[in-house]
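All values below were derived from every heavy atom in this structure, side-chain atoms included, with hydrogens, water molecules and symmetry-related copies excluded. Naming: A, B, ... by sequence-line order, numbering from 1 per chain.
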There are 2 protein chains.
Amino acid sequence: MEAMKSWLDIDRDSHFSIHNIPFGIVSTKAKSQPHPATAIGGYALDLQIFSQNNGFASLSIIQPHQAVFSQPTLNAFAALGRPMHRVVREYLQSVLLANGPFPQILRDNQILRNAALIPLKDCQTHLPLQIGDYTDFYAGLHHAYNVGVLFRGPQNALQPNYKHLPVGYHGRASSVVVSGTPIRRPNGQILSNPAAEPKQPVMSPSRKMDIELELGCFVCKPSALGEPVSIDDAPQHLFGVVLMNDWSARDIQAWEYVPLGPFNSKNFGTSISPWIVLMDALEPYAAVGIHNDVKLMPYLDEGDRKSHFAIDLSVTLTTATGNTSTISRTSAKNLLFSFPQMLAHHTIGGCPFNVGDLMGSGTISGETKAEKGCLLEQTENGKVEIELEGGERRKFLEDGDVVSITGCCGKQGALVGFGECTGRLEPAVQLKGSSPV
Amino acid sequence: MEAMKSWLDIDRDSHFSIHNIPFGIVSTKAKSQPHPATAIGGYALDLQIFSQNNGFASLSIIQPHQAVFSQPTLNAFAALGRPMHRVVREYLQSVLLANGPFPQILRDNQILRNAALIPLKDCQTHLPLQIGDYTDFYAGLHHAYNVGVLFRGPQNALQPNYKHLPVGYHGRASSVVVSGTPIRRPNGQILSNPAAEPKQPVMSPSRKMDIELELGCFVCKPSALGEPVSIDDAPQHLFGVVLMNDWSARDIQAWEYVPLGPFNSKNFGTSISPWIVLMDALEPYAAVGIHNDVKLMPYLDEGDRKSHFAIDLSVTLTTATGNTSTISRTSAKNLLFSFPQMLAHHTIGGCPFNVGDLMGSGTISGETKAEKGCLLEQTENGKVEIELEGGERRKFLEDGDVVSITGCCGKQGALVGFGECTGRLEPAVQLKGSSPV
Ligand SMILES: [Ca+2]
Ligand SMILES: [Ca+2]
Ligand SMILES: [Mg+2]
Ligand SMILES: [Mg+2]
Ligand code: NI
């Protein structure tokens, strides 16, 4: 693929090259109501202003649908379907292209450029879609294996179902927040002494605050109660991908999760990056995931389809003293099941989907220590400290820690990136009757 | 409490006496757009027509808010808060009361009576609220104990956390449907032979289709990310109660649920009754639940508050041949944790709630065999058949079976009931590659 060039001055390290064209929801000083935008270089191109000022004059097919660019979420745009996402993205690329076919639309229209191109630093980003339901999967095989070893030893690390189906659980849609939203350390029941009998929980701020490096994928096509989505149709149901941090309280989780799964250990906040990278933008970076050595049932069988993505991921931790350390680097290829497989499995029994529903990949870890996507794995559940820049150390997160996930595909000058998914851990609410940390 | 009497002719067995005044969403031949109504005797009182024709003329406090009665869901009405629900319910009672203060509003207004009182059989009921998030708890102690005995024996029947906190899991909001919606038997991965090693699942329609007798409770007050709802404030966050059937596929559940909980075994459909009985209507039937013999933490401690309800519940099964059998009768008092406790626990770590969020109680079973709220318990996971009227037998549900839950408080002539929560089990979708039942 040849690199395209824009007439707009775009930094070679920008995640938002003309090859990307991600979609998000912003508000600005001029327009305080959240509305759609795309990110290009250091700017948001305000799509409400753009569409209201004849920006789409040379794309007749979108004209009956331009109200989608005045909505406070991307649900209506997503619902137009993948073929429409493709033409809109390609049209915006052609408008931004150096020597492109439509210089009059924006390049030579100083008034519209001044109105519609807003420095990203002057934009507030918002949750890009209204999320009806959120499901978190567990498709990071190395993560599942590492965690299994910690709790059950290497012989029984993976449960018998693990390779046959994408294991997942329903998450809390209301707790998904956009990057930048502060996350409060949750209070909850924990066992101070897990070995004591009878088991006696105490109320405490979590002492084992963790992150989970994940991808999220939004659904753009509804499916009805009782109607499975086939593995062949599934890709047309996917809108785009974001970075996700599934903040986790390991001590709350350990006590609460038997037998119905994680609950308050997860539902205090899950962060996603603000810019949705469309499936079409990721297509050039399609890759195979982890080889599955069991024979999958037909409803999960993708054949040779490359349905994972070669996204380079990294996680940094910035402490309250200002030191920033990269604590993980890995690739999004480290998944056993793809988003189309997750959707096919999720709907095989007839579970319905709405536009805007979100699926999380599960924690993504590579095989080596430097590639582990959560602290639980890195510190062996708090047994081993990790060393940070400036001599600080961590078993789990401390108040004031800022965790940022970044992800990117492609080469300098033509990057298709996600920007970042960041959040600062705030101290717990003071409760009556809670134990000190 | 003295029985009130209406000028409207109401059957003494009606669940919708003047003591009830439940809220729901209906559509009719005259008004095909779903809109709010209350049920009174054999009628729906159409609240959109009522409000648009000065029905609320003698209740000035509601007048700025009458648009809530033209919405397609009850979310806006719910959001007005419990004090407003109370005055609206009491006003409607006074309008319907024999020798009440406002005979001119409806009793003596023949035109409005003809327009606004619609026989229930001519109304289509709809999902009463838009549900943002749905959580299912597991507070039926006898159920949890019975199921625990089946899978782990009596010594370890209850998990160590069970009495310390209301165990729950996030459910699938999109799969909650109103009573009457057909439920399709799900296909899914099951183990034909759970004892075989290595474990080899097959794709099949579920062979262990079950019901779960539950109550659902809707939330009417939002709470923000990071902000716990205290046990004292929790009752003001509750809108009202419905009957709920948490249809469950036990074989899919057994294979999928380790370690993250139930997923496709539940998300193919959960039925709720259409009429929301307000918390105020249930107040006269307040009762204590099951005594909890562990000392609860302060955030769950309700003191002597009676926060359960003496609702008589029953479940009938009607087979395709038309025979109807009552398969369970029990009381809603058989819960270890109340809805206020569930909400206080759910939010202790900061999980946010929106108006319209739904909490399920968990399966309600009494101590005796006749009081068991699911077939898993009744048939000991398919080991023992139950006998139905007409000589039929069941281990689990068969296609064409109709399951109906009813629930009621109070005495004949003054009943506060829920009507019914019903659904017919339809055959599974035919898939390529699935095994025959
Ligand atoms: Ca996760
Ligand atoms: Ca249940
Ligand atoms: Mg989370
Ligand atoms: Mg269900
Ligand atoms: Ni007011």
Side-chain angles (χ1 to χ4, degrees), chain A residues 132-133 135 138 159-161 164-165 167-175 177 181-184 186-189 198-199 201 203 206 225-228 249 252 255-265 267-269 297-299 345-346 348-354 357 426 429 431-433, chain B residues 132-133 135 138 159-161 164-165 167-175 177 181-184 186-189 198-199 201 203 206 225-228 249 252 255-265 267-269 297-299 345-346 348-354 357 426 429 431-433:
Chain A
D133 278 291
T135 297
Y138 194 51
Q159 301 287 355
N161 59 14
H164 291 278
L165 55 80
V167 171
Y169 65 100
H170 303 120
R172 179 82 187 178
S174 68
S175 68
V177 297
T181 307
I183 300 292
R184 263 198 186 160
N187 290 291
Q189 292 194 17
K199 298 192 186 304
M203 171 57 51
S206 170
L225 187 76
E227 302 288 350
I252 295 173
W255 172 238
E256 76 177 1
Y257 92 108
V258 176
L260 299 180
F263 187 56
N264 282 351
S265 54
N267 64 27
F268 58 89
M297 292 185 192
Y299 82 104
H345 178 68
H346 206 321
I348 186 66
C351 178
F353 268 72
N354 292 303
D357 289 348
E426 305 288 345
V429 179
L431 295 177
K432 283 185 306 184
Chain B
D133 277 290
T135 297
Y138 194 51
Q159 302 287 354
N161 59 14
H164 291 278
L165 54 81
V167 170
Y169 65 100
H170 303 119
R172 180 81 187 179
S174 68
S175 69
V177 297
T181 307
I183 300 292
R184 264 198 187 160
N187 290 290
Q189 292 195 16
K199 298 194 186 305
M203 172 57 51
S206 169
L225 187 77
E227 301 289 351
I252 295 173
W255 172 237
E256 77 177 0
Y257 91 108
V258 176
L260 299 180
F263 187 56
N264 283 352
S265 55
N267 65 27
F268 57 89
M297 292 185 192
Y299 82 103
H345 178 67
H346 206 322
I348 187 66
C351 178
F353 268 72
N354 292 303
D357 288 349
E426 305 288 343
V429 179
L431 294 177
K432 284 186 305 184

Looking at chain A, which one of [options] has the largest number of heavy-atom pairs inside 4.5 Å, strictly under?
options                                    : value
Gly349(B), Pro186(B), Cys351(B), Gly168(B) : Cys351(B)
Asn354(B), Ile252(B), Leu165(B), Ile183(B) : Leu165(B)
Tyr138(B), Tyr257(B), Tyr299(B)            : Tyr299(B)

*Determine, stepwise, if the pair His170(B) / Asp133(B) fulfils side chain to side chain contact (heavy atoms under 4.5 Å, CB included).*
CA-CA 8 Å; His170(B) 303 119; Asp133(B) 277 290; over 6 Å; no

*Do any N or O atoms from the side chain of Asn264(B) and from the backbone of His345(A) form a donor-acceptor pair under 3.5 angstrom?*
yes

*Is a donor on one side and an acceptor on the other found under 3.5 Å between the side chain of Arg172(B) and the backbone of Pro352(A)?*
yes

Closest non-hydrogen atom pair, [X] against [Y]:
X         : Y         : result
Val167(B) : Leu260(A) : CG1-CD1, 3.8 Å
Asn161(A) : Trp255(B) : ND2-O, 2.8 Å
Phe263(B) : Tyr169(A) : CD1-CA, 4.0 Å

Tell me which of these, [options], has more heavy-atom pairs under 4.5 Å with chain B than the rest.
options                                    : result
Gln159(A), Arg184(A), Glu426(A), Met297(A) : Met297(A)
Gly350(A), Pro262(A), Ser174(A), Pro228(A) : Ser174(A)
Lys199(A), His164(A), Glu227(A), Glu256(A) : His164(A)
Pro259(A), Pro182(A), Gly188(A), Pro201(A) : Pro201(A)

At a heavy-atom separation under 4.5 Å, does [X] approach chain B through its side chain, its backbone, both, or neither?
X         : value
Leu225(A) : side chain
Pro198(A) : neither
Phe353(A) : both

*Please tell me if the side chains of Ile348(A) and Gln189(B) come closer than 4.5 Å, counting only heavy atoms from C-beta onward.*
no

